[in-house]
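Quick note on labels: first sequence line is chain A, next is B, and so on, each numbered from 1.
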Number of protein chains: 2
Amino acid sequence: MNATFGEYIRQLRTDKGLTLTELAALLKLDSANLSKIENGKREFDEKRLDKLAIAFDLDFERLKTEYFGDQFAKKMYEYKCSPETLIVAEEKMNYLKSINIKQAEIKF
Amino acid sequence: MNATFGEYIRQLRTDKGLTLTELAALLKLDSANLSKIENGKREFDEKRLDKLAIAFDLDFERLKTEYFGDQFAKKMYEYKCSPETLIVAEEKMNYLKSINIKQAEIKF
DNA sequence: GTAATATTGTCAATTATTGACAAGTTAATT
DNA sequence: AATTAACTTGTCAATAATTGACAATATTAC
């Protein structure tokens, strides 16, 4: 799996033989806008990830991974970021976690 | 280096003995808002990265890496994304590049 | 051809971000 | 402890970005 998130949705939808209108209804979304999402011309709204997971019986955590991975990739591509960016992201992520742990320790 | 971007700016600023007001002027920004940025209560706007690089004589690419790495880390932390997300991001990044190459090949 | 499906363009409405300034706190100095 | 400089916080109008909605057009399948 390494398509964009829009391509991924289209794959899921066509595999299940759904029309844009049908899936759009499940996602509480205009079919025209779903078309744009599949074609990478609009963003899929994070708040609909749960509906998407239900519609296709997908693991929510896995879906989140695909979704945010896609977002980060787009940003990096748009701004021509070096691959190093992802390493920094991981470090900073760990840093945020460590700060949170420290703060929790102080509070109690 | 693994502080947040706000902490990083504060470090640079205090190392150079600048006040919020002084740096804010260089960045064409209100000092109150710079304070919020340093304290993680507002986002640093990407369009000011160039001014920041100049103010502290930093490598722009390196700064971008810190900046976007910070953004991704915050998102992942906020949404409790798995570390796998970054691997997916890298794959999708490569996928976007490969698509672009193919499109370029078709065009000419 | 036509009917179903998908795409594109547009725009008002909603939502998010920013700039600006006032009011407050903290820290250092005398 | 009064003064001043430095910093923080709250607020809100202005600006910008995103979304929902729908019409118009294009594509595909029969």
Side-chain angles (χ1 to χ4, degrees), chain A residues 3-53 55-56 63-64 67-68 70-79 99 103 106-107, chain B residues 3-52 55-56 63-64 67-68 70-79 99 103 106:
Chain A
T4 65
F5 199 72
E7 289 167 346
Y8 174 49
I9 294 176
R10 169 148 298 182
Q11 186 74 56
L12 290 167
R13 177 174 67 80
T14 54
D15 281 359
K16 226 185 168 181
L18 295 176
T19 65
L20 282 173
T21 307
E22 288 165 341
L23 178 55
L26 294 176
L27 301 176
K28 307 254 185 283
L29 176 61
D30 187 296
S31 70
N33 291 328
L34 178 55
S35 168
K36 286 170 201 161
I37 288 168
E38 289 186 351
N39 290 297
K41 302 183 174 174
R42 266 201 195 205
E43 289 304 312
F44 185 84
D45 192 325
E46 168 263 326
K47 77 181 177 215
R48 270 187 268 257
L49 280 181
D50 56 345
K51 294 195 183 67
L52 189 63
F56 296 111
L63 196 54
K64 246 171 53 181
Y67 178 72
F68 288 104
D70 183 75
Q71 295 229 321
F72 298 164
K74 277 185 194 147
K75 263 267 151 90
M76 285 181 68
Y77 187 72
E78 180 182 358
Y79 288 99
I99 281 181
Q103 285 178 339
I106 290 161
K107 275 183 188 165
Chain B
T4 66
F5 199 72
E7 289 168 345
Y8 175 49
I9 293 176
R10 169 148 299 183
Q11 186 74 56
L12 289 167
R13 178 173 68 78
T14 54
D15 282 358
K16 226 185 167 182
L18 294 176
T19 65
L20 282 172
T21 307
E22 287 166 341
L23 178 56
L26 293 175
L27 300 176
K28 309 257 184 282
L29 174 62
D30 186 297
S31 69
N33 291 328
L34 179 54
S35 169
K36 287 171 200 159
I37 289 168
E38 288 186 350
N39 290 297
K41 303 187 170 168
R42 267 202 193 202
E43 289 305 311
F44 186 83
D45 191 325
E46 169 263 325
K47 76 181 178 213
R48 271 187 267 257
L49 280 180
D50 57 345
K51 293 194 184 68
L52 189 62
F56 295 110
L63 196 54
K64 247 171 52 181
Y67 178 72
F68 288 105
D70 183 75
Q71 296 229 322
F72 299 165
K74 277 184 194 148
K75 265 266 152 87
M76 287 181 68
Y77 188 73
E78 182 181 357
Y79 289 99
I99 281 181
Q103 284 179 339
I106 290 161

For nucleotides 22-28 of chain C, print each protein N/O atom paired with a nucleotide N/O atom at under 3.5 Å, atom names and distance only.
none

Bending between helix ends of the helix from C:dG1-D:dC30 to C:dT30-D:dA1 [5 pairs per end, 10° resolution]: 40°
Residues in salt bridge (charged side-chain N to carboxylate O under 4.0 Å, His left out) contact with B:E46, at least two apart in sequence or another chain: none
For nucleotides 25-30 of chain D, give me one character per nucleotide, 5' to 3': B if any protein heavy atom sits under 4.0 Å from the base, S if the only such contacts are to the sugar-phosphate, - if neither. ------
Sorted by chain and number, sequence neighbours left out, ring pair (Phe, Tyr, Trp, His ring centres under 6.0 Å) with B:Y79 holds for A:F68
Can you list the residues that meet the salt bridge (charged side-chain N to carboxylate O under 4.0 Å, His left out) rule with A:K36, with sequence neighbours excluded? none
Set of residues satisfying salt bridge (charged side-chain N to carboxylate O under 4.0 Å, His left out) with respect to A:D50, sequence neighbours excluded: none
Distances for protein N or O near nucleotides 5-7 of chain D N or O, under 3.5 Å:
residue : atom : partner : partner atom : Å
D:dC7   : OP1  : B:R13   : NH1          : 3.0
D:dC7   : OP2  : B:L20   : N            : 2.7

Residue list, side chain to side chain contact (heavy atoms under 4.5 Å, CB included) with B:T19, at least two apart or on another chain: B:T21, B:E22
With sequence neighbours excluded, residues passing salt bridge (charged side-chain N to carboxylate O under 4.0 Å, His left out) with B:K75: none
Applying ring pair (Phe, Tyr, Trp, His ring centres under 6.0 Å), can you list everything that pairs with A:F44, at least two apart in sequence or on another chain? A:F5
side-chain hydrogen bond (donor to acceptor under 3.5 Å, both in side chains) filter on B:Y77, not counting sequence neighbours, yields A:N100
